[in-house]
Amino acid sequence: AAGRPRRGGLDAATMQLLTFGVGGEPYAIESRRVVEVLPLVPARSLPQLPDYLLGLFTYRGSLVPLVELGRRLGVGPAVKRLSTRVIVVALEGGHRLGLVAENVIVIRAVDEAAAAVPPLELDAAPYLGRVLRLGGETVQLLDVDRLLPADLHAGLFPAAAGRSSR
């Protein structure tokens with residue numbers, strides 16, 4: 001029952017997940033990364049950025065990048081409904097990132113043994129994690145630290161790059 005260890009600091013037996021919808025499909029992120037779930041907020045757009053980066057919004061006095069998960073995952077923009085939310089997550093290094101998602105549900109526990117497919121290793125989508133069975137549903141786990149390409153992450157969080165090149 002030992003199984004294979006998995007990176008990312010997940011408990012060997014169970015993990016807590018926040019589930020939500022993107023393009024009508026269920027996704028999840030580890031609840032330990034969730035800082036807060038907010039109503040949809042306006043963002044200050046920034047030129048010359050990918051369409052999935054809606055811009056910056058103010059969160060507790062700091063500017064935070066806002067990612068439209070539907071566009072990032074290639075399924076189109078989120079439908080603006082009462083259940084559309086901004087999930088504020090903590091990235092490695094202490095930075096914050098806002099994620100626009102539909103039907104943000106609840107935090108649920110899942111036994112890691114319920115994983116149906118190991119993490120995907122796709123260069124075009126490094127943020128796709130394991131596929132899990134959760135409450136009779138197949139749910140795609142997302143790695144929030146890999147949602148932004150390295151160059152975009154370094155541009156949005158210059159201190160994280162370790163140097164000032166501008």
Side-chain angles (χ1 to χ4, degrees), residues 3-23 25-38 41 43 46 49-60 62-75 77-78 85-102 104-110 112 114-132 134 138-165:
R4 58 189 182 273
R6 179 72 188 121
R7 74 171 193 86
L10 298 178
D11 182 297
T14 61
M15 61 181 154
Q16 300 288 316
L17 300 175
L18 176 70
T19 58
F20 51 89
V22 178
E25 296 293 332
Y27 289 86
I29 56 177
E30 295 176 61
S31 65
R32 68 184 178 87
R33 305 309 288 277
V34 176
V35 176
E36 190 170 353
V37 177
L38 307 170
V41 296
L46 299 170
L49 291 177
D51 70 342
Y52 61 82
L53 189 62
L54 297 179
L56 301 172
F57 72 101
T58 303
Y59 176 72
R60 301 193 185 275
S62 298
L63 291 175
V64 174
L66 186 60
V67 171
E68 212 306 341
L69 281 176
R71 288 183 180 155
R72 180 64 177 123
L73 298 174
V75 297
R85 297 281 186 261
V86 173
I87 306 166
V88 180
V89 296
L91 302 178
E92 289 178 2
H95 300 289
R96 301 282 188 256
L97 186 65
L99 309 174
V100 176
E102 304 167 20
V104 176
I105 314 270
V106 290
I107 293 179
R108 297 159 68 176
V110 62
E112 285 204 72
V117 177
L120 301 173
E121 299 292 335
L122 303 173
D123 290 339
Y127 44 81
L128 293 178
R130 290 178 294 162
V131 176
L132 308 169
L134 183 60
T138 302
V139 179
Q140 176 79 58
L141 190 61
L142 296 179
D143 182 345
V144 296
D145 290 312
R146 300 178 81 185
L147 279 169
L148 298 176
D151 59 337
L152 184 55
H153 187 278
L156 290 169
F157 307 112
R163 64 178 183 276
S164 176
S165 60

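Sequence positions, counted from 1, serve as the residue numbers for this chain. Just so you know, these numbers use all the heavy atoms, side chains as well, and skip hydrogens, waters and symmetry mates. Given the structure is predicted, the values throughout are model-derived calculations rather than measurements.
The minimum heavy-atom distance between Arg71 and Pro77, with the atom names listed, is NE-CB, 3.8 Å. Here the shortest heavy-atom pairing between Leu53 and Pro65 reads CD1-CB, 4.0 Å. In plain terms, the two heavy atoms of Leu152 and Pro50 that are nearest each other are CD2-CG, 4.0 Å.
Rounded to the nearest 0.5 angstrom, Thr138 OG1 and Glu25 CD are separated by 9.5 Å. Here the straight-line distance linking atom CG of Leu18 with atom CD of Glu30 works out to 11.5 Å at 0.5 Å rounding. Taking CG from Leu66 and CG from Leu63, the interatomic distance works out to 12.0 Å, rounded to the nearest 0.5 Å. The CG atom of Leu56 lies 4.5 Å from the CG atom of Leu46; values are rounded to the nearest 0.5 Å. Atoms CG and CG, on Leu97 and Leu156 in that order, are 8.5 Å from each other to the nearest 0.5 Å. Rounding to the nearest 0.5 Å gives a distance of 12.5 Å between CZ of Arg130 and CG of Leu142.
The shortest side-chain heavy-atom distance between Val131 and Val139 does not fall under the 4.5 Å cut-off. Residues Val144 and Ile87 fail the side-chain proximity criterion, which asks for heavy atoms closer than 4.5 Å. Between Val41 and Tyr59, every side-chain heavy-atom pair lies at or beyond the 4.5 Å cut-off. Residues Leu132 and Met15 are in side-chain contact: their nearest non-hydrogen atoms beyond the backbone lie under 4.5 Å apart. Counting heavy atoms from C-beta on, the side chains of Leu73 and Tyr52 never come closer than 4.5 Å. Proximity of Leu17 to Ile29: side-chain heavy atoms (C-beta onward) are nowhere separated by under 4.5 Å. Using a 4.5 Å cut-off on side-chain heavy atoms (C-beta onward), Asp145 and Arg33 make contact. By the 4.5 Å heavy-atom criterion applied to side chains, Pro26 and Thr19 are not counted as neighbours.
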Please assess Val35 against Arg96 for the test side chain to side chain contact (heavy atoms under 4.5 Å, CB included), listing each intermediate value before the final yes or no. CA-CA 8 Å; Val35 176; Arg96 301 282 188 256; 3.6 Å; yes
Check the pair Phe57, Val86 against side chain to side chain contact (heavy atoms under 4.5 Å, CB included), reporting the backbone distance first and the verdict last. CA-CA 10 Å; Phe57 72 101; Val86 173; 4.0 Å; yes
Is there a side chain to side chain contact (heavy atoms under 4.5 Å, CB included) between Val89 and Leu147? Walk through the geometry before answering. CA-CA 11 Å; Val89 296; Leu147 279 169; over 6 Å; no
Side chain to side chain contact (heavy atoms under 4.5 Å, CB included) between Val88 and Arg60, worked out: CA-CA 11 Å; Val88 180; Arg60 301 193 185 275; over 6 Å; no
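Taking the six-membered ring where tryptophan is involved, the planes of Phe20 and Tyr27 are essentially parallel, since the angle between them stays under 30° and well short of 60°.
With Gln140 contributing its side chain and Gly129 its backbone, the two residues share a donor-acceptor pair below 3.5 Å. Without hydrogens or angle criteria, Tyr127 side chain to Arg72 main chain gives a donor-acceptor distance under 3.5 Å.
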